[in-house]
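Structure, as structure tokens:
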There are 2 protein chains.
Amino acid sequence: MKPDRIAAEPASYSISELAREFDITTRTIRFYEDKGLLSPARRGQTRVYSPEDRVRLKLILRGKRLGFSLDESREIIDMYDPAHGNVEQLQRLLERIEQQRAQLQQQLRDIQSLMGELDDAEARARASLARNTDS
Amino acid sequence: MKPDRIAAEPASYSISELAREFDITTRTIRFYEDKGLLSPARRGQTRVYSPEDRVRLKLILRGKRLGFSLDESREIIDMYDPAHGNVEQLQRLLERIEQQRAQLQQQLRDIQSLMGELDDAEARARASLARNTDS
DNA sequence: GCAAAGGTTTACGTTAACGTAAACGTAAAC
DNA sequence: GTTTACGTTTACGTTAACGTAAACCTTTGC
């Protein structure tokens, strides 16, 4: 028994559907394809995106939010993909993973301190507001 | 009694000292000045950077690591600076702070998930390595 | 006195990541 | 049958964040 009606997932997406969902332009999606980050199927001339394509796009945009370049995002996404062949490749992959982890930890620290400063700034702003508002 | 010899901080820095410390070029530092992010003193024609200037530079680079544009970084840095005058300004400041906080929280989530995926990727790589190495 | 080390301004070049627009195909809607 | 909506390719334009290079001071060591 296949479970049904559990938030059915579309089998494919058009380019404008994806553009709408992620609030980007179709130009952007085609640009990502041009850069080798996506390779949707074609129905005639028209691009047809699979759920996997959609996930890749999602990962690209997550990378963007973290300030990664498209090249970096592609590297990271390919890390999680199949087809890592020989031993040297795997060694290099492990190194890249370590680098990525270090960078993310740095970002984490940066976020922590920035959050703290935002707290301070908000407190000062509210204090200043109180002073200017009462009386 | 002023405590002395507790990691004495220089009273000023040259442009190349800062460039070396943060591993950027002098061109970059001048560029930031051009964009209004720094305004060092001058000794004759030569730029002289105070410890405060150095901190600002540090904040700019932290912003870069988080994928912020220079304009965004300037905004954030100015948030933590003095001179917020009237009530409307303060209101807008509080809004910006809230936006920033939301963005940082999104980045936090992104980092969490990416970290998890890195763990997976590493595990798979190590498993694959083990398979290819033994026998 | 002069070469080397650091500083300056001015200005053109470059790369990433798209925006914008033209010119065209196709399929559904009226 | 033609507007409307959506898709395509091709190509030139734009912005941010610097790189690179020329042409020029000024101080310091020899």
Side-chain angles (χ1 to χ4, degrees), chain A residues 10-50 53-54 56-78 100 103 107 110, chain B residues 10-50 53-54 56-78 100 103 107 110:
Chain A
S12 71
Y13 306 83
S14 77
I15 192 170
S16 55
E17 283 172 354
L18 290 183
R20 231 171 298 138
E21 174 174 2
F22 295 114
D23 196 32
I24 56 184
T25 68
T26 58
R27 174 69 176 93
T28 297
I29 298 179
R30 291 198 196 93
F31 179 77
Y32 292 160
E33 179 176 351
D34 224 62
K35 293 293 161 174
L37 291 157
L38 295 173
S39 33
R42 297 273 180 151
R43 197 176 153 155
Q45 190 172 227
T46 304
R47 277 163 251 251
V48 178
Y49 296 86
S50 70
D53 290 329
R54 180 176 165 280
R56 284 185 73 91
L57 179 53
K58 216 171 177 176
L59 295 180
I60 297 168
L61 299 176
R62 184 183 66 183
K64 266 192 64 174
R65 289 195 301 267
L66 292 174
F68 295 175
S69 72
L70 294 185
D71 282 350
E72 288 176 312
S73 282
R74 186 191 13 229
E75 255 199 293
I76 297 175
I77 294 174
D78 288 345
Q100 270 303 323
Q103 183 179 341
Q107 285 190 286
D110 288 335
Chain B
S12 71
Y13 307 83
S14 77
I15 193 170
S16 54
E17 284 171 354
L18 290 183
R20 230 170 298 138
E21 174 173 2
F22 295 114
D23 196 32
I24 56 183
T25 68
T26 59
R27 174 70 176 93
T28 297
I29 297 179
R30 291 198 197 92
F31 179 76
Y32 292 160
E33 179 176 350
D34 225 62
K35 292 293 161 175
L37 291 158
L38 294 172
S39 33
R42 297 274 179 149
R43 199 177 151 151
Q45 189 172 228
T46 304
R47 276 164 253 251
V48 178
Y49 295 86
S50 71
D53 290 329
R54 180 175 164 281
R56 285 185 73 90
L57 180 52
K58 216 170 176 176
L59 295 180
I60 297 168
L61 298 177
R62 184 183 65 185
K64 266 192 64 174
R65 288 195 300 268
L66 292 175
F68 295 175
S69 72
L70 293 184
D71 282 350
E72 288 176 312
S73 282
R74 190 197 5 236
E75 255 199 294
I76 296 174
I77 293 174
D78 289 344
Q100 270 303 322
Q103 183 178 342
Q107 286 191 287
D110 287 335

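Just so it is clear: chains get the letters A, B, ... in the order the sequence lines come, proteins before strands, and each one is counted from 1.
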> From the list dG19(D), dT8(D), dT8(C), which nucleotide is the closest neighbour of the side chain of Thr28(B)?
Replying inline: dG19(D)
Is any side-chain heavy atom of [X] closer than 4.5 Å to a side-chain heavy atom of [Y]?
| X | Y | value |
| --- | --- | --- |
| Phe22(A) | Arg54(A) | yes |
| Ile24(A) | Ile29(A) | yes |
| Leu18(B) | Asp53(B) | no |
| Tyr13(B) | Arg20(B) | no |

> Atom CD1 in Ile60(B), atom CD1 in Ile77(B): separation rounded to 0.5 Å?
Replying inline: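 The CD1 atom of Ile77(B) is 5.0 Å from CD1 of Ile60(B), to the nearest 0.5 Å.
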>> To the nearest 0.5 Å, what is the distance between CG on Asp110(B) and CZ on Arg65(A)?
In response: 4.0 Å
> Residues two or more places apart in sequence or in another chain: which of them pass side chain to side chain contact (heavy atoms under 4.5 Å, CB included) with Glu75(A)?
Replying inline: Arg96(A)
> Listed by chain and number, what are the side chain to side chain contact (heavy atoms under 4.5 Å, CB included) partners of Thr25(B), not counting sequence neighbours?
Replying inline: Arg27(B), Thr28(B)
Protein-nucleotides 10-12 of chain D N/O pairs under 3.5 Å:
none

> Reading DNA chain C 5' to 3', what string of ( ), [ ], | and . shows its pairs, if Watson-Crick and G-U wobble pairs count only when both distances fall under 3.5 Å?
Replying inline: ||||||||||||||||||||||||||||||
> If you look at every heavy atom in Ile15(A) and Arg30(A), which pair is closest and at what distance?
Replying inline: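 Heavy-atom minimum between the residues: CD1-CG, 3.6 Å.
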>> Tell me the closest heavy-atom pair linking Ser14(B) and Tyr49(B), and the distance in Å.
In response: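 So the two residues come closest at C-CD1, 4.1 Å.
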Which protein N or O atoms sit under 3.5 Å from an N or O of nucleotides 15-17 of chain D?
from: dA17(D); atom 1: OP1; to: Leu70(B); atom 2: N; distance (Å): 2.9

>> Can you tell me if Thr25(B) touches the phosphate of dC18(D), counting only side-chain N or O atoms and a distance under 4.0 Å to OP1 or OP2?
In response: no
How long is the line joining [atom1] of [X] and [atom2] of [N], in whole Å?
| X | N | atom1 | atom2 | result |
| --- | --- | --- | --- | --- |
| Asp34(B) | dG19(D) | CG | C1' | 15 Å |
| Arg30(A) | dG19(C) | CZ | C1' | 13 Å |
| Gln45(B) | dT26(D) | CD | P | 8 Å |

>> More than 12 heavy atoms of other residues, nucleotides or ligands under 6.0 Å from CZ of Arg42(B): yes or no?
In response: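 It does: Arg42(B) CZ has more than 12 such atoms within range.
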> What nucleic acid atoms does Thr26(A) come within less than 4.0 Å of, heavy atoms only: base, sugar-phosphate, or nothing?
Replying inline: nothing
> Which part of the nucleic acid, if any, lies within reach of Arg42(B) when heavy atoms closer than 4.0 Å are counted: base, sugar-phosphate only, or nothing?
Replying inline: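 Sugar-phosphate, no base atom in range.
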> Short question: side chain of Gln107(A), backbone of Leu66(A) - any donor-acceptor pair under 3.5 Å?
Replying inline: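 Yes.
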> Can you list, by residue number, the residues of residues 13-22 of chain B that have a non-hydrogen atom closer than 4.0 angstrom to DNA chain C?
Replying inline: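 Ser14(B), Ile15(B), Ser16(B), in order of number.
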> Are Asp71(A) and Arg74(A) close enough for a salt bridge, meaning some N to O gap below 4.0 Å?
Replying inline: yes
